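Accompanying notes for the structure given below.
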Amino acid sequence: MTYEVAARNVVRAVSLGAVSYLALSLDVSTGQQAFAQNLPPVTVDAPSQPKPRQASQRSQTSTSRVQRRVAAPAPRRVEPVPYVTPSTGTLGAPPAPYAGGQVATGARLGFLGNRGVMNTPFNQTSYTAELIQNQQARTVGDVLYNDPSVRMKTPAGNGIDGLYIRGFYHDSGDYSMNGLYGMAPFYSTSANFLERVEVLKGPGVLLNGMPPAGAIGGSINLVTKSAPYFDITQLTALYASKSQFGMQADVARRYGENKEWGIRFNGLGRGGSTAFDRQTDEFGNAVLNLDYRGERVRFSTDIGYQAENLKPPLRFLTFTTSPPFATTIPVPAAPKPGTNYMPDWATWKPRDAFAMTRGEVDLTESVTAYGAVGYHRSEIDYIYPSPRITSANGNWTAVPFNGRDVYDNYAGEVGVRASVDTGPINHLLTVNYSAFERDYSSFGRAAAAVNSNLYNPVPIPYPNFTTVAQNLETQTRLTSVGIADTMSMFNNRLQLIVGARRQTAAVDSANLLTAAKSSVDVPTWSPGYAVIVKPLENVSLYANYIEGLKAPEVVTGVTTYSNVGEIIPPAQTKQKEAGVKVDMGRVTVTASWFDITSPNIIAVAVPGQTLPARRLAGEQQNRGVELYAFGEISPTVRILGGVTLIDGEVIRQSTSVGSLIFNFNGKTPVGVSAVNLNLGAEWDTPFLPGLTLTGRVIHTSESYANDANTQELPAWTRVDLGARYTFLSPWNGKPIVIRANVENVFNEAYWNSYRTVSSAVSLAAPRTYLLSTTFNF
């Protein structure tokens, strides 16, 4: 069997290399001139049959109101004219890419719709499909390595994209997709079917409603790909070290007299050994988008499936200690990059199926009604131990767990946006109702404890899972009504946003092992205010006050907490932010200051219990400054990145165990690093047209792994390098792109922190080679 696998991998490697070599050889032999970074413009041929009429178009006035006009009958042969989406709509009109193509000129601002960067009173970045493809990003987590306000916190090689935004944890289940929570694959979302990854920093209950898992540092919205107004037929051969091979397809067409109907398919399949020892990963997905863009009606529908078989997955490492927040065990040195300390029988098998649709109807020239509905089912089967470090030499112990979790997510929203003029003031009035339900069940069996070592893993026989350790059912229901008024004056030089959302969070939980049941149903008002002042056309000064709301949390983790099944009530988070944005034409620079205060949820020791309880205790305050820049500093040089400085502090938080009192006031919160830097650049070389060199530096300063700040994680710096070569195919004159990237060039070994309990760390990825060749047909 080993020989057959090795033989298949050799054949794959030779095939991929031959394809790339053949493409390069043909380019050289034919003497074709390779072209620069951007693909050549694509023309749309006029239809061969005569057209009886040309569709009416839309134009926007300076006050953003939409006017319609009926055009004269068109000649027999004209190119299709797409309908223009009004300012009150969102479908069919994503903000265009900014200079350099790596980020967009705007993004979706929750129920307020699409807004440009200079007209958004928040720190928001929208990463494009071009960046995703050029960087060979495999998941959304890979895309977010470009953002200095975001830090990945789950172990590499574990199939989960958990992260921090502005120093607050953001669960992978809190991603929204096309504006709906709960529709993205639950643990990790592949990036191949995404047009945009939109990152909004700071809490945003007013804009988006409450996230299902209670993310407060920011929100992430994923925008799926739809068919553009030109044909796409694209195949990409993939390779990633050690021996991951795959193929990716992207096909798009539009039909109809004016290209009203669109269809786009994205599919991916890959498999083989990863950069971690003894780890294999099989992954596949298929996503189909259907859309219609008419004169007054637009809709878009997505149907998708994603599955993964990862073994053995890496898990985060906790520490044996009593009490849990005062461990005396130092953080061990990170093992050699690529080390896999998990047993061979550990597995991680998520499967996600989703369907969603969004539609808009223009009721009048300046009023648009919209609605969306979606369903997503996520199933995960897993077998693994969660290692708990027992000594500084890397010894660990764990209780193996064999479990199955199922999530059924239902989401929907309806709303109206209206543009109304009252004298010199233009109002964009928005009313929105949203509903979300998540039905969750978890069943698992435990086995006898096992032992191993972080640096020298020992073989562990497959356990005998005989003890039912978890049987939990919960239902989360979130409903809300939001209203906002965006007032624009003096040709948009002054803009005010005032709004509020009435959010109701209800959770029912039943621990079937103990027959314990609990429930909570809490309504809360979440206001928001923002202002934009433009002293110059290309300069925006902004400020905002907005609140977040941690969703009620059902405590899970039978091997981690003693109060499994208990519901932690919702808690309010408050943010104050001010900033400036300067658009210099080809380069935009932003700077912001923020102050976020949030109630904390930590592990608290319970007298008489060997495991801690997870409860609300004290507050966390993160203050910081973000500096960011993107665009083209010359026609051949593009930049993307910046720095985020965070001063995190725990306030009003203490606990006691017997006669011991632990006061954490003034401590640095777990996982918060003071300096976070991400700097990337691309250079189109003059000596070989079509060749682009890329580089990125990521630096994260020291942070702590526990509340008492007795476990310090060292600072780390990662360097990524890459190149791509673009040339015209000798067969059809269309571009062929060869991309090569090396992540973690110097193979640095380092820890991330991860906040599931008061003390936990996770291992980063080793040096990883990525290679792909894209063909256009």
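Being a predicted model, the structure only gives us computed values, none of them experimental.
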Could you label the plane-to-plane angle of the Tyr384 and Tyr382 rings as parallel, tilted or perpendicular, counting under 30° as parallel and over 60° as perpendicular?
parallel
Who pairs with Arg404 by salt bridge (charged side-chain N to carboxylate O under 4.0 Å, His left out), at least two apart in sequence or on another chain?
Glu379, Asp381
For the pair Thr700 and Tyr750, evaluate side-chain contact (heavy atoms from CB on, under 4.5 Å) and give the outcome as yes or no after the intermediate values.
CA-CA 10 Å; Thr700 302; Tyr750 59 91; over 6 Å; no
I'd like to check the salt bridge (charged side-chain N to carboxylate O under 4.0 Å, His left out) partners of Asp281; sequence neighbours left out, ordered by chain and number.
Arg270
Side chain to side chain donor-acceptor pair (under 3.5 Å) involving Gln248 - partner list, sequence neighbours excluded:
none
Contact list for residues 446-470, test salt bridge (Lys or Arg N to Asp or Glu O under 4.0 Å), sequence neighbours left out:
none
List for me each residue that meets side chain to side chain donor-acceptor pair (under 3.5 Å) alongside Thr280, sequence neighbours excluded, and say none if there are none.
none
Donor-acceptor list for residues 450-457 side chains, cut-off 3.5 Å, not counting sequence neighbours:
{"residue": "Asn451", "atom": "OD1", "partner": "Thr397", "partner atom": "OG1", "Å": "3.1"}
{"residue": "Ser452", "atom": "OG", "partner": "Val458", "partner atom": "N", "Å": "3.2"}
{"residue": "Asn453", "atom": "OD1", "partner": "Tyr455", "partner atom": "N", "Å": "2.8"}
{"residue": "Asn453", "atom": "OD1", "partner": "Asn456", "partner atom": "N", "Å": "3.0"}
{"residue": "Asn453", "atom": "ND2", "partner": "Asn393", "partner atom": "O", "Å": "3.2"}
{"residue": "Asn453", "atom": "ND2", "partner": "Asn395", "partner atom": "OD1", "Å": "2.9"}
{"residue": "Tyr455", "atom": "OH", "partner": "Ala333", "partner atom": "N", "Å": "3.2"}
{"residue": "Tyr455", "atom": "OH", "partner": "Ala333", "partner atom": "O", "Å": "2.7"}

Results of ring pair (Phe, Tyr, Trp, His ring centres under 6.0 Å) for Tyr341 - residues two or more places apart only:
none
Residue list, salt bridge (charged side-chain N to carboxylate O under 4.0 Å, His left out) with Arg477, at least two apart or on another chain:
Asp508
Main-chain N/O of Gly272 paired to Gln244 side chain as donor or acceptor, under 3.5 Å
yes
Ignoring hydrogens and angles, write down the donor-acceptor pairs under 3.5 Å from the side chains of residues 512-522, residues two or more places apart or on other chains.
{"residue": "Thr514", "atom": "OG1", "partner": "Ala516", "partner atom": "N", "Å": "3.3"}
{"residue": "Ser518", "atom": "OG", "partner": "Gly565", "partner atom": "O", "Å": "3.2"}

Applying side chain to side chain donor-acceptor pair (under 3.5 Å) to Arg138 and not counting sequence neighbours gives Asp142, Glu743
The criterion is side chain to side chain donor-acceptor pair (under 3.5 Å); which residues satisfy it with Arg166, sequence neighbours excluded?
Gln575, Glu577, Glu626
Intermediate values then yes/no, ring pair (Phe, Tyr, Trp, His ring centres under 6.0 Å), Tyr407 and His376
CA-CA 8 Å; Tyr407 299 84; His376 168 213; 8.4 Å; no
Within 45° cone and under 6.0 Å: Lys153 NZ/CZ vs Tyr164 ring:
yes
Without swapping roles, check the side chain of Gln711 against the backbone of Ile329 for a donor-acceptor pair under 3.5 Å.
yes
Tell me if the NZ atom of Lys311 is crowded by more than 12 foreign heavy atoms within 6.0 Å.
no
State which residues pass salt bridge (charged side-chain N to carboxylate O under 4.0 Å, His left out) with Arg445; sequence neighbours excluded, sorted by chain then number.
none
Do the side chain of Asp161 and the main chain of Ser172 share a donor and acceptor less than 3.5 angstrom apart?
no
Short question: side chain of Tyr239, backbone of Lys242 - any donor-acceptor pair under 3.5 Å?
yes
Strictly distance-based, threshold 3.5 Å: is any side-chain N or O of Gln572 a donor or acceptor partner for the main-chain N or O of Pro599?
no
